[in-house]
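Just below is one structure, and these are the notes that go with it.
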Amino acid sequence: MALECLPEAAKSETFFFGGIPVKIVTIIGARPQFIKAAAVSHAIQLHNQGNPRPYLREVIVHTGQHYDKNMSGVFFKELNIPQPHYNLGIGSGSHGQQTGRMLEAIEKVLMAEKPELVLVYGDTNSTLAGALAAAKLHIPVAHVEAGLRSFNRYMPEEINRVLTDHLAGILFAPTMQAVANLQAEGISPKQIYKSGDVMYDAALLFSESAEAQSRILDQVGLVKGEYILTTIHRAENTDDSARLETIFKSLIAVSGQETVVVPLHPRTRESLRKSNILAKAERCLKIIPPVGYLDMVMLEKNARIIITDSGGVQKEAYFYQVPCITVRAETEWVELVDAGWNRLVLPAETNDLIIAIKSTKIPADKDTSIYGENASAIVVEIICQQGFGGN
Ligand code: UD1
Ligand code: UDP
């Protein structure tokens, strides 16, 4: 590419580093993706220090899937994620509408930016739209958190993951199980890299700041080690009113004996309101708005038990060695169940959670290495080895 054609920022990078930068477009849009991308963006910045070959120029595209301050803006501020170069402002909608609008808007950005690589994370509609837009333009796609499977096609996430993995040319699998899942679907081993889990990097990176900055325990009135932290937001739990009611009636039953704090996802708040159990839940549980990552880390670290349906929170429970009960029929993070840190309990009766809590034990094995370390640095290193033409 002639130097005259490079955008201003790339020109100055070329001046400093004496080579053509490799341009990566990172596509994110939902809460867990901000956290994962924070770890990888940090690794990209570390890579770029000194005299890197190649220099990586990251262009961040926020689809706008999540948009409330405490579902989006807070993470950019707290986690030092570079401000998005583009915010597509897509917002909420049905799956087809939301994904379709993203696809159209992302395609425009990719046609203008012409990156060497598109980087997508996890399994949301933003992930699929990013991967599909790029693949149709013949731009290589790298998928961080590839190969996870619940084998439940009723989950929107499962559809997004399977399709994204088959669109991507570079697949960063967090676990050996994920590697095996990809191979079982016929994906070439040459495309698969076992990187480990970038969320562990985020946990290590921001733990100190969380300790120093978060006041959440005092603000909510929680005693360390004496409360249960709960998050519920998965469609299979929130969109089935009978199931949602059973889960929240179970939590309300638990609250007779335990303090239960619930940072409530807006989707779940709305479903509880429609089911007419929001008011009772608010009387019995400590229901708070969604919190920023630093507050969440402190809530997780100091909980006695975590009850969740979140993928990220299941792993963070393990990072902080807090036993976890997952309110789902299956999990993608099977190794945590095998290791005894996680149990699947979908309550059928209000007593089921109380029984599960009473029998919860901290496993004897205190190993925290299941997901490896430095996954983000591995991701960056593998990208650099692809020979995208930068130097
Ligand atoms: C999405 C992902 C899910 C991920 C979760 C992380 C898909 C299909 N699902 O689910 O995999 O675990 O993000 O949190 O991509 N809303 C607000 N404010 C916001 C964002 C959402 O009020 O800032 C409300 C809207 O009413 C919206 C609903 O929450 O309709 C659901 O949001 P959406 O992004 O569609 O799905 P999530 O449930 O957040
Ligand atoms: N999280 C947060 N504030 C909250 C709830 C969750 O910062 O109020 C963080 C949590 O620590 C984890 C990530 O969001 O890093 C998980 O996202 P979520 O549960 O929304 O999605 P999932 O992981 O299930 O896709």
Side-chain angles (χ1 to χ4, degrees), residues 28-39 62-75 78-79 89-99 101-102 120-130 145 148 150 154-161 163-164 197-203 205-207 210 214 216 220 229-239 261-271 273-274 287-301 303 306 308-320 322 326-328 331-333:
I28 49 182
R31 174 168 69 185
Q33 293 168 331
F34 308 138
I35 294 154
K36 293 164 199 173
H62 184 334
T63 62
Q65 177 171 351
H66 287 176
Y67 43 85
D68 290 346
K69 191 168 156 258
N70 54 2
M71 294 292 289
S72 172
V74 65
F75 297 98
E78 281 186 344
L79 309 184
I90 301 298
S92 306
S94 67
H95 287 286
Q97 183 189 46
Q98 190 181 52
T99 313
R101 289 173 60 205
M102 286 176 190
V120 295
Y121 292 85
D123 52 21
T124 73
N125 289 345
S126 299
T127 316
L128 176 60
E145 219 175 68
L148 295 182
S150 64
Y154 283 92
M155 291 177 68
E157 292 85 358
E158 185 76 354
I159 310 278
N160 291 341
R161 291 175 195 133
L163 293 176
T164 301
D197 182 17
V198 299
M199 286 193 96
Y200 189 45
D201 293 338
L205 202 55
F206 299 108
S207 203
S214 171
I216 192 75
V220 183
L229 171 66
T230 296
T231 76
I232 301 290
H233 76 280
R234 290 287 175 160
E236 69 258 36
N237 285 334
T238 59
D239 292 4
V261 60
V262 190
L264 198 61
H265 191 292
R267 170 192 206 112
T268 319
R269 172 172 285 277
E270 184 54 19
S271 299
R273 195 190 56 74
K274 282 191 191 145
I287 296 210
I288 58 174
V291 294
Y293 184 68
L294 301 184
D295 283 344
M296 189 62 181
V297 166
M298 290 309 283
L299 288 174
E300 289 173 332
K301 266 187 173 183
I306 293 177
T308 191
D309 61 5
S310 156
V313 175
Q314 287 174 56
K315 284 175 294 160
E316 286 163 354
Y318 163 72
F319 300 157
Y320 304 122
V322 177
T326 294
V327 192
R328 282 181 51 197
T331 179
E332 300 76 22
W333 304 98

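Both counts, for ligands and for their atoms, begin at 1 and track the order of listing. Quick note: numbers below take in every heavy atom, side chains included, and nothing from hydrogens, waters or symmetry partners.
- Distances between N or O atoms of His265 and those of ligand 2 include no value under 3.5 Å.
- Here Thr127 pairs with Gln33, Thr124 under the side-chain hydrogen bond (donor to acceptor under 3.5 Å, both in side chains) rule; sequence neighbours left out.
- The N/O atoms of His265, backbone and side chain alike, include one that comes under 3.5 Å of an N/O atom in ligand 1.
- Of all the listed residues (Ala317, Pro263, Gly311), Gly311 holds the heavy atom that lies closest to atom 24 (O) of ligand 2.
- Scanning both residues, Lys301 and Val322, for their nearest heavy atoms gives O-CG2, 4.1 Å.
- Residue Arg31 has at least one nitrogen or oxygen atom sitting less than 3.5 Å from a nitrogen or oxygen atom of ligand 2, judged on distance alone.
- Backbone and side-chain nitrogen or oxygen atoms of Ser310 are examined, and one is located within less than 3.5 angstrom of a nitrogen or oxygen of ligand 2.
- Side chain to side chain, Tyr67 and Ser92 meet the donor-acceptor criterion of an N or O pair below 3.5 Å.
- Distance from atom 1 (N) of ligand 2 to its nearest protein heavy atom, with residue and atom name: Met296 CG, 3.7 Å.
- Nearest to atom 14 (O) of ligand 2 by heavy-atom distance, out of Ile288, Ile35, Leu294, Leu299, is Ile35.
- Residue Gly312 places at least one N or O, backbone or side chain, under 3.5 Å from an N or O of ligand 2.
- In summary, the atoms of ligand 2 found under 4.0 Å from a heavy atom of Glu300, numbered by their order in the structure, are 11 (O).
- Side-chain rings of His66 and Phe34 stay apart, their centers remaining 6.0 Å or farther from each other.
- Using modelled atom types, one finds no donor on one side chain facing an acceptor on the other under 3.5 Å when comparing Thr238 with Thr268.
- The proximity of Arg267 to ligand 1, defined as any non-hydrogen pair under 4.0 Å, involves the side chain as well as the backbone.
- Closest protein heavy atom to atom 22 (O) of ligand 1: Pro266 CB, 3.2 Å.
- Considering both main-chain and side-chain atoms, Asn160 never comes within under 3.5 Å of ligand 1 through any nitrogen or oxygen pair.
- Of the polar atoms of Val291, at least one N or O is found under 3.5 Å from an N or O of ligand 2, judged by distance alone.
- Annotation: Arg234 places an N or O atom under 3.5 Å from an N or O atom of ligand 2; distance criterion only.
- Applying the 4.0 Å criterion to heavy atoms of Gly292 picks out, from ligand 2, the atoms 7 (O).
- Taking any N or O of Asp68, backbone or side chain, at least one lies under 3.5 Å from an N or O belonging to ligand 1.
- At the shortest separation from atom 25 (O) of ligand 2 among protein heavy atoms lies Pro32 CG, 3.5 Å.
- Under 4.0 Å from ligand 1, heavy atoms of His66 appear from its side chain as well as its backbone.
- The ligand atoms of ligand 2 that sit less than 4.0 angstrom from a heavy atom of Pro290 are 8 (O).
- Glu78 pairs by the side-chain hydrogen bond (donor to acceptor under 3.5 Å, both in side chains) definition with nothing, not counting sequence neighbours.
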